Visitor: 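For reference, the structure I am asking about is given below.
Source: prediction; values computed, not measured.
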Amino acid sequence: LQSIASLRERTGMQLTEQSFEDLDVWFFPAAPANYADLSKSVITAYGQDNWASAYALLEGLIDTKNPSYTNVAVWYAGEEIDDSGPGSISNNFLADVVTPAITYILKEDLASHYAGLINGWTMFLDGIGPASQNTKGHQDMHNAAYMGSGPVLLKHGGSEGLYGGYSSHPAHRKAIRDLLRDSNVPHQVAMMGSQDNRIPNASSTFHTSLGAWGVDLGPIVSCMHKGMEESSVVDVHLTAQAVKAFYGVKDHSDYHIGRE
């Protein structure tokens, strides 16, 4: 009751006990984003998992000029905490509503729609936990990512057959790596967790709902799930450049599956 009275006084909202029963109430740190070091190379802020990826996705999309393919970007809220409600990845809104609408606008038939999805490329962006002294018990230190070394291309995500259990096709990972190299985007290949205990994300639901060739990529986020998280300025910038290269590829056939 004291909390309700305090919130009513601070916000001016007529909150009651029923308000807390009917609504989801979240409390977040109010501190603004700031640099964590004198060289301004590390950003400290709340919620960089996954706002660092969200920013990189937006920046890369905006910077892509005259794309050869129809580009779609979608941002989901609630990943890892409640990804099953309306508008969530599990809702399949992108696959069931958005992409058919694009097909309709382009006045193409359903066969073209499914052919476009099957031959299309998808990229799932999420913050990646780095190798550190604090994660030795959870990370394979010989196969973990390092802050300041560019965005991470995940080989596998999550436990196979379980939530987040997505493994991108090796030939398609190679194609994306070739694209990033051709675009002069430094990057690293790693995984979160270990081979026996992979750390999950929601990419499996995203990729499989579309049936496209998918990869997982993202910037390093340290102190993940803490009140204030840290990311590298270089990593976020290079993640945006990776998104730009992904959206801006002129011809998928230059990086087709099985390319030698």
Side-chain angles (χ1 to χ4, degrees), residues 1-37 40 42-63 71-102 123-130 134 147 157-158 163-164 192 199-206 209-210 216 218-233 235-237 239-240 243:
L1 292 177
Q2 289 180 337
S3 298
I4 294 174
S6 177
L7 286 171
R8 291 181 66 174
E9 180 181 348
R10 290 170 178 269
T11 65
M13 300 174 64
Q14 297 303 308
L15 298 172
T16 64
E17 289 184 64
Q18 184 175 336
S19 302
F20 286 82
E21 296 171 351
D22 294 341
L23 303 175
D24 289 331
V25 180
W26 300 84
F27 296 92
F28 300 102
N34 212 331
Y35 292 111
D37 60 333
K40 296 184 177 181
V42 175
I43 302 168
T44 180
Y46 168 78
Q48 294 198 73
D49 176 29
N50 197 25
W51 287 113
S53 298
Y55 169 81
L57 176 58
L58 179 62
E59 189 76 10
L61 177 67
I62 292 173
D63 283 348
N71 288 334
V72 177
V74 57
W75 290 261
Y76 293 103
E79 194 265 335
E80 291 184 316
I81 55 174
D82 183 19
D83 200 41
S84 58
S88 69
I89 293 179
S90 300
N91 197 234
N92 289 342
F93 183 79
L94 179 61
D96 294 343
V97 179
V98 176
T99 53
I102 293 173
M123 177 180 285
F124 183 88
L125 267 66
D126 196 2
I128 311 297
N134 296 327
M147 181 175 281
Y163 172 76
M192 282 205 298
I199 298 174
N201 59 31
S203 68
S204 61
T205 305
F206 175 74
S209 69
L210 294 164
D216 291 4
I220 291 290
V221 176
S222 184
C223 305
M224 195 178 289
H225 302 168
K226 301 297 191 296
M228 300 294 279
E229 299 171 327
E230 295 182 347
S231 66
S232 163
V233 173
D235 289 341
V236 176
H237 169 72
T239 302
V243 172

Visitor: Ignoring hydrogens and geometry, is there a side-chain-to-backbone donor-acceptor pair from Q48 to V221 under 3.5 Å?
Guide: no
Visitor: To the nearest 0.5 Å, what is the distance between OG on S53 and CH2 on W75?
Guide: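 S53 OG to W75 CH2: 12.0 Å, rounded to 0.5 Å.
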Visitor: Do you know which two heavy atoms are closest between A95 and P100, and how far apart they sit?
Guide: O-CD, 3.2 Å
Visitor: Mind listing the closest non-hydrogen atom pair of G218 and I128 along with its distance?
Guide: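 Smallest heavy-atom distance, with atoms named: O-CG1, 3.8 Å.
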Visitor: Where do E230 and V42 come nearest, in terms of heavy atoms and distance?
Guide: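 Answer, listing the atom of E230 first, then V42: CB-CG1, 3.9 Å.
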Visitor: Which distance, rounded to the nearest 0.5 Å, do you find between the CG of N50 and the CG of D126?
Guide: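 It is 4.5 Å, given to the nearest 0.5 Å.
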Visitor: Look up atom CG in L125 and atom OH in Y55, then write down how far apart they are to the nearest 0.5 Å.
Guide: 13.5 Å
Visitor: Kindly indicate, with the supporting measurements, whether the criterion side-chain contact (heavy atoms from CB on, under 4.5 Å) is fulfilled by Y76 and L94.
Guide: CA-CA 11 Å; Y76 293 103; L94 179 61; 3.7 Å; yes
Visitor: Between G47 and W51, what is the shortest heavy-atom contact and its length?
Guide: O-CD1, 2.8 Å
Visitor: Answer yes or no: is there a side-chain heavy-atom contact under 4.5 Å between D235 and M147?
Guide: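 They are in side-chain contact.
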Visitor: Taking side chain to side chain contact (heavy atoms under 4.5 Å, CB included) as the definition, give me every residue that meets it alongside Q14, ordered by chain and number, with sequence neighbours left out.
Guide: R8
Visitor: To check you understand the geometry: which heavy-atom pair defines the closest contact between Y46 and G227, and what is its length?
Guide: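 Heavy atoms of Y46 and G227 come nearest at CD1-O, 3.3 Å.
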Visitor: Grab the two heavy atoms, one from V243 and one from G60, that are nearest each other, plus how far apart they are.
Guide: CG1-CA, 3.8 Å
Visitor: side-chain contact (heavy atoms from CB on, under 4.5 Å) between I4 and E17: does it pass, once the steps are laid out?
Guide: CA-CA 7 Å; I4 294 174; E17 289 184 64; 3.8 Å; yes
Visitor: Could you work out, with ring pair (Phe, Tyr, Trp, His ring centres under 6.0 Å) as the rule, every residue matching Y35, not counting sequence neighbours?
Guide: none
Visitor: At what distance, to the nearest 0.5 angstrom, does CE of M224 lie from CG of D49?
Guide: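 One gets 4.5 Å once the value is rounded to the nearest 0.5 Å.
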Visitor: Any heavy-atom pair between the side chains of V74 and F93 that's under 4.5 Å?
Guide: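 A side-chain contact is absent here, since even the closest heavy-atom pair is not under 4.5 Å.
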Visitor: Who pairs with T239 by side-chain hydrogen bond (donor to acceptor under 3.5 Å, both in side chains), at least two apart in sequence or on another chain?
Guide: none
Visitor: Going by the side-chain contact (heavy atoms from CB on, under 4.5 Å) test, name the single residue among S231, S232, P130 that passes it with I220.
Guide: P130
